Amino acid sequence: QVQLVESGGELVRAGGSLRLSCAASGHTFRSYSMGWFRQAPGKEREFVVAINWSGGSTYYADSVKGRFTISRDNAKNTVYLQMNSLKPEDTALYYCAAKYGGYSHYESRYDYWGQGTQVTVSS
């Protein structure tokens, strides 16, 4: 069982940076791939990025590639999302998700979800 809590979302100006954190409970974190998804008002939830259990492989959505970076610290049971060069269209509720085994960009494959943290990018 994994419980996830996101943090770090806030209001930021376009071009700025934020780092989101997702803290996971338990010692089983090491067995899970992790992903970040986001949902803007009036839009469907979309995939952002995923990272495998070791942190050695990543998979980014085209919309954030080159600007966002995912990483994980298994000793701290935490996954991070570094967001640079933020744009107003990045405004969304960001969700952390955990999936046992290999990573995926499909929302339905993930087993556990956090409550979300709000990121708002102003012009």
Side-chain angles (χ1 to χ4, degrees):
Q1 183 177 8
V2 176
Q3 293 180 318
L4 307 173
V5 179
E6 304 97 331
S7 63
E10 62 182 63
L11 175 65
V12 64
R13 294 178 61 181
S17 298
L18 284 174
R19 189 177 76 158
L20 306 184
S21 297
C22 174
S25 66
H27 65 281
T28 61
F29 181 74
R30 182 66 169 77
S31 300
Y32 287 80
S33 294
M34 304 295 296
W36 287 96
F37 294 78
R38 66 186 183 184
Q39 186 170 22
K43 297 184 178 180
E44 297 181 353
R45 187 177 297 178
E46 66 174 345
F47 169 78
V48 178
V49 63
I51 188 167
N52 76 335
W53 63 271
S54 70
S57 297
T58 57
Y59 179 32
Y60 291 87
D62 289 341
S63 60
V64 305
K65 191 175 298 183
R67 299 188 298 120
F68 291 10
T69 303
I70 190 172
S71 62
R72 67 189 297 165
D73 187 337
N74 289 338
K76 296 181 179 179
N77 287 352
T78 302
V79 62
Y80 305 96
L81 181 64
Q82 178 66 46
M83 305 184 294
N84 299 325
S85 301
L86 284 163
K87 305 174 181 179
E89 51 262 45
D90 294 318
T91 295
L93 187 64
Y94 282 71
Y95 294 92
C96 177
K99 173 188 179 297
Y100 185 79
Y103 64 15
S104 175
H105 65 285
Y106 294 110
E107 178 179 345
S108 63
R109 300 292 187 180
Y110 286 80
D111 303 301
Y112 302 99
W113 293 82
Q115 83 290 345
T117 186
Q118 180 66 42
V119 172
T120 302
V121 184
S122 63
S123 300

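All figures in this text were calculated on a predicted structure; none of them were measured in a lab.
Side-chain N or O atoms of Thr91 include one that pairs as donor or acceptor with a backbone N or O of Val121 at under 3.5 Å. For Glu6 (side chain) and Gly116 (main-chain N/O), a donor-acceptor pair under 3.5 Å exists by modelled atom type. Between the Arg45 side chain and the Leu93 main chain, no donor and acceptor come within less than 3.5 Å of each other. In this structure, the side chain of Thr69 does not engage the main chain of Gln82 through any donor-acceptor pair within 3.5 Å.
Between Leu81 and Val49 the shortest side-chain heavy-atom distance falls below 4.5 Å. Between Val79 and Trp36, some side-chain heavy-atom pair lies under the 4.5 Å cut-off. Looking at heavy atoms from C-beta onward, Leu4 lies out of side-chain contact with Tyr95 at the 4.5 angstrom threshold. By the 4.5 Å heavy-atom criterion applied to side chains, Ser63 and Arg38 are counted as neighbours. For the pair Asp90 and Phe68, the minimum side-chain heavy-atom distance is below 4.5 Å.
One hydrophobic cluster holds both Leu20 and Tyr32 under the rule that ILVMFWY side chains link at heavy-atom gaps under 4.5 Å. Transitive grouping of hydrophobic side chains (ILVMFWY, heavy atoms separated by less than 4.5 Å) keeps Tyr103 and Tyr60 in distinct clusters.
The shortest non-hydrogen separation linking Ala92 to Ala40 is CB-N, 3.8 Å. Considering all non-hydrogen atoms of both residues, Ile70 and Thr58 come closest at CG2-CG2, 3.6 Å. Heavy atoms only, all atoms of each residue included: Ser33 and Gly102 are closest at OG-C, 3.3 Å. In this structure, Met34 and Ala98 approach most closely via the heavy-atom pair SD-CB, 3.6 Å. Here the shortest heavy-atom pairing between Ala24 and Val2 reads CB-CG1, 4.0 Å. Taking all atoms of both residues into account, the shortest heavy-atom contact from Ile51 to Ser71 is CD1-CA, 3.9 Å.
By the neighbour-count criterion of 12 heavy atoms within 6.0 Å, atom CD of Glu89 is densely surrounded, having more than that number from other residues, nucleotides or ligands. Residue-environment remark: CZ (Arg109) stays at or below the threshold of 12 foreign heavy atoms within 6.0 Å.
The aromatic rings of Phe37 and Trp113 are tilted relative to each other, their planes meeting at an angle between 30° and 60°.
One distance of note links CD of Gln39 with CD of Glu44; it measures 8.5 Å at 0.5 Å rounding. Between Leu86 atom CG and Arg13 atom CZ the span is 13.0 Å, to the nearest 0.5 Å. Atoms OH and OH, on Tyr100 and Tyr112 in that order, are 11.0 Å from each other to the nearest 0.5 Å. Put simply, OH on Tyr59 and OG on Ser104 are 8.5 Å apart, with the number rounded to the nearest 0.5 Å. A distance of 9.0 Å separates CZ in Arg67 from CG in Asn84, rounded to the nearest 0.5 Å.
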